[in-house]
Structures are given as C-alpha cells and as structure tokens.
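A short write-up of the structure that comes next.
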Amino acid sequence: MPHNNFGDIDFVSTIFAFLAGVWGATVSFIRRDVRGFSLLKKVTLFFMDMFVNIGLTLLVYLGLIGYGINELLAVAISGFIGHQGTRSFYLMELIITEKLGAKATFEEVKKEKGK
C-alpha cells in the first residue's frame, strides 16, 4: 500500500535505509586510494561520500515507499542505488573533465579515486 504522508513511514525501516547509506559510503571510501592525502582531505572525501550516498539512498527509499514497494525490498534497492550513485558521481567527474579538455584535472580526479 503506498504511503502518502511521512508520518506513515516506519521509523525502523528508515533507520535501516540510513545505515545502508552509511555502509555504502564507508565501502566507497575504503576503496579509494587516499595514500599521501592529508587528514583534512581524507575526512573531506569521507564526508562527501557520506552525504552523497545517504542522500541518494534516502531519496530512492522514500520514492519506493511512496510508490508502494515492500519496505524490506525498498531498503535493499535504495542501499544498492546509493552505492552506485557515489560511483556515478565519480564517473561524471571523469567525463566532464575529459570533455572540457582539462587533462590535469582529469588526472587528479583519477588519482583521488585510485582507479
């Protein structure tokens, strides 16, 4: 049954979706090659991953719940989409810098991600 109000959404499921976003951001950050970065840059990259991942996860979760998808399935799908969303931002950075012809920026973005 679709939810029409935020008050109808189960709080525990929302917490699980939030934690799926945190988990996805942590995995994304661990996969980064941050050797040689300052502590400030590492913390900045971690929080950047965290905000993007949690935001996408909760956005997808609320959309699926509003559409009427099962809550457990909505948490699983939103966690996966949130993690893939972080990767898509990285890929968009690469595409934009490559299209603009900014070779130094392109190499810096590749170095930041460690790919």
Side-chain angles (χ1 to χ4, degrees):
M1 136 188 259
H3 297 287
N4 295 322
N5 299 314
F6 282 120
D8 295 341
I9 298 173
D10 185 34
F11 182 72
V12 175
S13 295
T14 307
I15 293 298
F16 277 119
F18 181 83
L19 292 176
V22 171
W23 174 78
T26 305
V27 168
S28 179
F29 180 76
I30 288 171
R31 292 186 58 177
R32 273 188 201 265
D33 184 14
V34 291
R35 290 175 291 192
F37 289 170
S38 68
L39 180 62
L40 178 62
K41 188 160 186 173
K42 289 178 185 178
V43 170
T44 302
L45 287 173
F46 177 71
F47 279 108
M48 211 169 61
D49 283 349
M50 189 73 70
F51 290 132
V52 167
N53 205 326
I54 291 172
L56 285 172
T57 302
L58 289 178
L59 183 67
V60 170
Y61 171 73
L62 292 174
L64 290 173
I65 289 295
Y67 187 65
I69 301 292
N70 180 308
E71 290 182 11
L72 184 59
L73 185 60
V75 170
I77 292 171
S78 63
F80 177 74
I81 296 295
H83 174 63
Q84 294 302 316
T86 303
R87 292 188 59 200
S88 69
F89 274 96
Y90 164 69
L91 293 174
M92 282 195 334
E93 285 177 342
L94 287 179
I95 291 169
I96 289 169
T97 54
E98 185 179 29
K99 294 294 181 188
L100 292 176
K103 292 180 182 176
T105 307
F106 180 79
E107 292 302 320
E108 182 65 26
V109 170
K110 279 180 62 174
K111 187 175 82 174
E112 277 184 16
K113 188 63 178 178
K115 297 279 179 182

If you count heavy atoms of other groups shown closer than 6.0 angstrom to CZ of F46, is the number above 12?
yes

Under the side chain to side chain contact (heavy atoms under 4.5 Å, CB included) test against Y67, which residue among L64, I69, I65 passes?
I69

Is V43 reachable from I30 through a run of hydrophobic residues whose side-chain heavy atoms are each under 4.5 Å from the next?
no

Do L72 and F18 share a hydrophobic cluster (ILVMFWY, side-chain heavy atoms under 4.5 Å, transitive)?
no

Apart from V27 itself, which Ile, Leu, Val, Met, Phe, Trp or Tyr residues share its cluster (side-chain heavy atoms under 4.5 Å, direct or through members)?
W23

Any chance you could measure F16, atom CZ, to E71, atom CD, to the nearest 0.5 Å?
11.5 Å

Does L73, at its CG atom, have more than 12 non-hydrogen atoms belonging to other residues, nucleotides or ligands within less than 6.0 Å?
yes

Report, one line per pair, each donor and acceptor closer than 3.5 Å where one atom sits in a side chain of residues 54-63; sequence neighbours left out.
{"residue": "T57", "atom": "OG1", "partner": "N53", "partner atom": "O", "Å": "2.7"}
{"residue": "T57", "atom": "OG1", "partner": "N53", "partner atom": "OD1", "Å": "3.3"}

Identify the heavy atoms of A20 and G79 that sit nearest to each other, and give their distance.
CB-CA, 3.9 Å

In terms of heavy-atom contacts, F29 and K42 come closest through CE1-O, 3.4 Å

